[in-house]
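None of these values were measured; they are calculated from a predicted model. Computed over heavy atoms, backbone and side chain alike; hydrogens, waters and symmetry mates excluded. Numbers here are sequence positions counted from 1. Counting convention: from 1, in listed order, for ligands and their atoms alike.
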Amino acid sequence: MIEAAGRFAPSPSGPLHIGSLLAATASYLDARSRGGRWRLRIDDLDSYRIVAGAEDSILEALENHELNWDGPVIRQSERLDHYQHALDALADMGQVFYCSCSRRDLRGTPIYPGCCRSQTKPVADAAIRLHVGEAEVAFTDLIAGKQSDRLAHSCGDFVIRRRDGLMAYQLATAVDDGDPTITHVVRGGDLLDNTARQIHLMSLLGLSVPVYAHVRTLLSEDGKKLSKQTHARALDNATAAANLVETLVFLGLTPPHDAARWSPSEVLEWAIGHFEVDTVPSGTVIYRRGPVF
Ligand code: GLU
C-alpha cells in the first residue's frame, strides 16, 4: 500500500503570509494525521515572479513554525525534463496546438475561442494549448464537496507552455502532483478552479490522481484575496505559535486558551490529534488581524 503523502508548494514570489500559512498548516495536519509524509516543493518556474531571498525566507518561516518537511526540497526549475516529456507525450497524442494569439487578441474572452486550433505543427513565438474537446471532469473535494467541470465551458483550450517558453503552472503541477507518492493535495481555495484542468492532464498522461481538499481563502477587509500582490503582511516568526493557532481557528478547530503560549511543535501536536479534514469549513472568510481569543 502506498504511504499517504501531502505537499506544500509555495511560489518564491514573496514571504509567507497568514493565508499561505493556512494552506501549509492544513496540508501538514492532513498528512501527519494520516501518518503520512509531507513534502515541500518550490514552484519556481516563473522566473519573472521570483523575488530574490523569497525561497530562503519561506524555508525559514516553515522552520520557525516547526512545519518540518520530509526529504529534500523539490524545485520545479530542476524538473524541466519531466515537463518536457509530458508535453511531448501530449503532442504525440495529437492533443496540442500552437497559439499565436496575443493577450490583446484574447482580451474580453475568458474562454479561449479556438482561433488557432488548426495550427497543429510547431510555429515560432506561440504558446502551446491543450485541446480540451468535450472533457468533463468530476471529483469530490474533501472540503469543498462534489465538483464537476466541463472544461470547454469553464476555460476552453488552456495554455500548457507559455508563449515565452516557460512551462505553464497547470502542466508542471499536474506532472508533480500526479506522482504516485503524492496522495493528498491540500491547498488554498483560490486554486479549486484549476483542479479539473490538472486532473484532466493527469488522466491524459496516465498519472495517478491524488485526493484534493481546498481550504478557505482568506480575504483582506476590502474583499481581495490575501496575497503577496495585495501586500499581505509577512509572517512574524517571533509569534509562530500564535500564528499557528490563528490558522487552526480558520480550520474549524478550537485550540485550548493558552495554546498561543505553547511551542509551535506543541500546537501542531495538539492539532494533529484533533484535525478532521471533513469538518474543515470551505469558502472564503475575511481575515481581521487581532487576538484570536
Ligand atoms: N505555487 C502555487 C502558489 O503559491 C500553489 C500551487 C499549488 O498548491 O498547487 O499559489
Side-chain angles (χ1 to χ4, degrees), residues 5-31 38-51 54-59 61-62 67 69 73-80 82-83 86 137 139 141-144 147 149 155 158-160 162 166-179 181-202 207-219 224-232 234-235 247 277 280 282 284:
R7 89 318 182 252
F8 177 51
S11 303
S13 53
L16 291 188
H17 52 79
I18 191 74
S20 32
L21 184 70
L22 175 62
T25 309
S27 131
Y28 177 89
L29 295 178
D30 181 70
W38 190 62
R39 307 208 179 266
L40 176 63
R41 184 181 84 217
I42 301 289
D43 284 359
D44 59 352
L45 285 184
D46 190 344
S47 40
Y48 301 102
R49 289 183 57 215
I50 294 177
V51 169
E55 180 182 320
D56 286 348
S57 124
I58 291 170
L59 300 190
L62 292 173
L67 289 162
W69 61 90
V73 177
I74 298 155
R75 288 184 190 81
Q76 287 194 322
S77 58
E78 294 166 6
R79 293 178 45 78
L80 296 180
H82 295 266
Y83 312 138
V137 178
F139 64 100
D141 185 283
L142 293 184
I143 297 173
Q147 311 288 321
D149 191 336
C155 57
F158 58 93
V159 172
I160 52 174
R162 292 166 24 168
L166 293 180
M167 293 295 171
Y169 161 70
Q170 306 295 355
L171 181 67
T173 302
V175 169
D176 290 342
D177 290 343
D179 187 289
T181 61
I182 298 294
T183 59
H184 291 76
V185 169
V186 180
R187 58 185 177 185
D190 55 309
L191 296 167
L192 180 59
D193 286 352
N194 295 280
T195 308
R197 276 174 267 178
Q198 292 166 16
I199 293 178
H200 182 53
L201 282 167
M202 289 166 180
L207 302 174
S208 52
V209 179
V211 173
Y212 286 92
H214 288 82
V215 296
R216 291 160 127 182
T217 309
L218 300 189
L219 306 178
K224 294 204 180 95
K225 182 197 151 206
L226 277 194
S227 69
K228 292 145 198 166
Q229 290 74 26
T230 57
H231 309 293
L235 287 175
T247 65
V277 73
V280 173
S282 62
T284 56

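Pairs passing the salt bridge (Lys or Arg N to Asp or Glu O under 4.0 Å) check and including a residue from residues 6-31, sequence neighbours excluded, read R7-D177, D30-R34.
Nearest approach of V159 to A168, heavy atoms of both residues: O-CB, 3.4 Å.
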Dump the pairs for me: ligand 1 N or O, protein N or O, distance under 3.5 Å, to 0.1 Å.
unit_1	atom_1	unit_2	atom_2	d
ligand 1	1 (N)	A9	O	2.7
ligand 1	1 (N)	S11	OG	2.9
ligand 1	1 (N)	D43	OD2	2.8
ligand 1	4 (O)	S11	N	3.3
ligand 1	4 (O)	S11	OG	3.2
ligand 1	8 (O)	R7	NH1	3.0
ligand 1	8 (O)	R7	NH2	3.2
ligand 1	9 (O)	R7	NH2	2.9
ligand 1	9 (O)	Y169	OH	2.8
ligand 1	9 (O)	R187	NH1	2.8

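By the side chain to side chain contact (heavy atoms under 4.5 Å, CB included) test, L191 is found to be paired with Y169, R187, N194, H214, residues two or more places apart in sequence or in another chain being considered. Judged as a side chain to side chain contact (heavy atoms under 4.5 Å, CB included), and not counting sequence neighbours, the contacts of D190 are T217, K225.
No option in I143, V186, V185 other than V185 meets the side chain to side chain contact (heavy atoms under 4.5 Å, CB included) test with Y212.
Ring-plane geometry between W38 and Y28 is classed as perpendicular, the angle between the planes exceeding 60 degrees on a 0 to 90 degree scale with a lower cut at 30.
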